[in-house]
J.: 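Here it is: the structure, laid out below.
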Protein chains: 2
Amino acid sequence: MVPFVNAVRMTMSTGTTGRAQPAAAPPMAERHLRVDAQRNRVRILEAATELMATHGIDVPIDEIAQRAQVGVGTVYRNFPTKDALFEALLMARIEPLVTAARSAAHSDDPGDAFVTFVRRLCNEFADFKALADAMAASGVDLSVAKHEISGDLIAAVSSLLLRAQQAGRIRPDVTITDVSAMMAGLSHTDPLFMDPPQRQRCVALVCDSLLVGARSLLPQGEMAASSPEHGRR
Amino acid sequence: MVPFVNAVRMTMSTGTTGRAQPAAAPPMAERHLRVDAQRNRVRILEAATELMATHGIDVPIDEIAQRAQVGVGTVYRNFPTKDALFEALLMARIEPLVTAARSAAHSDDPGDAFVTFVRRLCNEFADFKALADAMAASGVDLSVAKHEISGDLIAAVSSLLLRAQQAGRIRPDVTITDVSAMMAGLSHTDPLFMDPPQRQRCVALVCDSLLVGARSLLPQGEMAASSPEHGRR
DNA sequence: GTAGAATCGGAGCGTAGCCTCCGGTTATGA
DNA sequence: TCATAACCGGAGGCTACGCTCCGATTCTAC
């Protein structure tokens, strides 16, 4: 299946805010890099972001290096592992989401906040496929959260869900596992086949099934009696 | 992403009922195989079925050959390509589903029939991971149905859906694309992390969102205020 | 300007997986 | 029983990808 992060080894800063880890005598800690090294690091991060947004985790390192106009060696000097690079990008993406989920949990209307957040999450998946890969690979497995950060995300969503349930807006019998599974599933569907409107529809459907009250989230107007042409070459 | 079937080339029979294709002078058509060849073919099919059920499409050919107590050459003599082997297994799995969907479309209660069928589909995914892989890889892309057979399946589900909608049981604004996307998503979540009860819950939730009337599909009894322990190592 | 440390970059190693090739083996029909 | 067509099987070719290694290059402190 989708190859994925196995360990979180890293040297130097990951270019992401917070979460420094001065553990076990870092080989070459926050020593300030030579200007060329700095420039290359930025380039790598940019290239990786662009490529992983489109192609997900599966983009080869060589391609990233090429796009960054850098040798593979340089990539590996900055990120000891492809996974580490992936992790760095992921953290940068997930952290704002965690923050958003946490503040949403304190919203006046947790129900709306929940739905809004779920929508945002799905859009994020579409904008950055690697995130969807990560979610699909580990998002469902709550007990073995592979990434500390995605554990944070799940914890945050979990309490958001709880609040929304306490507010009587989300069905009380829905679990965070349910939500994660649905999100993971939704996130996995290829953006190529899932244009923004279609994605919105699916998110709306999922939310419909979670909400206690009315089911009005699906945009009205388009009547759709089973798509007109399908397959058959 | 998941490597997948690109073309449907095949020699000889695929071991599946129907659908013979006597096109372009088959190199060695239905000539009756030597007994050892026949035995090996059966073994390969069995081994592949077992392994692909658990590991999906990603199981190496060598492993299949080993399990079948046969050389890789023998595998490739029977199925010119890994994809062809995969396709053969897939057809055997999907065909009954197509039949079921078609007859369900003529049920007295298309609404129930639809829900029942969707449930069956999901169980099938769990029992045979390769099917889920196939669904996740091509199920969402209705216009370019990679497999003729999965095109059949989608067509069948499509008309089942239409009937259920005409009967007023399924929301009229739901499309076959919606259904496929949800199914594909659900099917993708790893069986390891998605035990049968959890899967049932998710299917129920999805169905809830599709049905016009009440929402009672989720089994009652278990109150679940956001799973107790999650992640955080 | 220069020494030398830091960095670069890409050839190439190792692994994995799909598939081919062909010498050896075996079933089959006369 | 024997000739031979059919079949077996696994060594190895090929490709792709992650990652390492080390000579060449570039920056920086003096």
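Here the structure is a predicted model, which means the values were calculated and not measured. Below, chain A is the first sequence line, B the second, and so on; all start at residue 1.
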J.: Nearest whole angstrom, please: distance from the P of dC17(D) to the CZ of Phe86(A).
T.: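 After rounding, the gap between these two atoms is 16 Å.
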J.: Quick check on DNA chain D: between Pro60(A) and Val70(B), whose nearest nucleotide comes earlier from the 5' end?
T.: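 Nearest-nucleotide comparison on DNA chain D picks Val70(B).
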J.: Can you check whether Thr74(A) has a side-chain N or O nearer than 4.0 Å to OP1 or OP2 of dT7(C)?
T.: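 Negative; the distance criterion is not met.
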J.: Roughly how far apart are Asn40(A) CG and Leu45(A) CG, rounded to 0.5 Å?
T.: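 Asn40(A) CG to Leu45(A) CG: 11.5 Å, rounded to 0.5 Å.
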J.: Can you confirm whether Glu63(A) is buried at CD, in the sense that more than 12 heavy atoms of other residues, nucleotides or ligands lie under 6.0 Å from that atom?
T.: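 Above 12, so yes.
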J.: From Asp83(B) CG over to Ile57(B) CD1, what is the distance, rounded to the nearest 0.5 angstrom?
T.: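 Asp83(B) CG to Ile57(B) CD1: 6.0 Å, rounded to 0.5 Å.
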J.: Name the one of Leu97(A), Leu131(A), Thr116(A) that satisfies side chain to side chain contact (heavy atoms under 4.5 Å, CB included) with Leu121(A)?
T.: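 The option that passes is Leu97(A).
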J.: I'd like to know whether CD of Gln66(A) has more than 12 heavy-atom contacts from other residues, nucleotides or ligands below 6.0 angstrom.
T.: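 Not buried by this count: 12 neighbours or fewer within 6.0 Å.
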J.: Classify the side-chain pair Asn123(A)/Gln200(A) by whether it contains a donor and acceptor separated by less than 3.5 Å.
T.: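 There is such a pair (donor and acceptor under 3.5 Å, judged by atom type) between the side chains of Asn123(A) and Gln200(A).
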J.: For the side chain of Arg77(A), starting at C-beta, report the closest nucleotide among dG18(D), dT7(C), dC7(D).
T.: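 For Arg77(A), the side-chain atoms sit closest to dT7(C).
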J.: Phosphate oxygens OP1/OP2 of dC7(D): is one of them under 4.0 Å from a side-chain N or O of Asn40(B)?
T.: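 No, outside the criterion.
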J.: Report the residue (Gly73(A) or Gln69(B)) whose heavy-atom-nearest nucleotide on DNA chain D is the more 5′ of the two.
T.: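 The residue whose closest nucleotide sits nearer the 5' end is Gln69(B).
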J.: Whole angstroms only, please: what is the CD-C1' distance between Gln66(B) and dG10(D)?
T.: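 Rounded to the whole Å, the gap is 12 Å.
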J.: List the protein contact pattern of nucleotides 24-30 of chain D with one symbol per nucleotide (5' to 3'): B for base contact, S for sugar-phosphate-only contact, - for none; contact means a heavy-atom distance under 4.0 Å.
T.: --BSS--
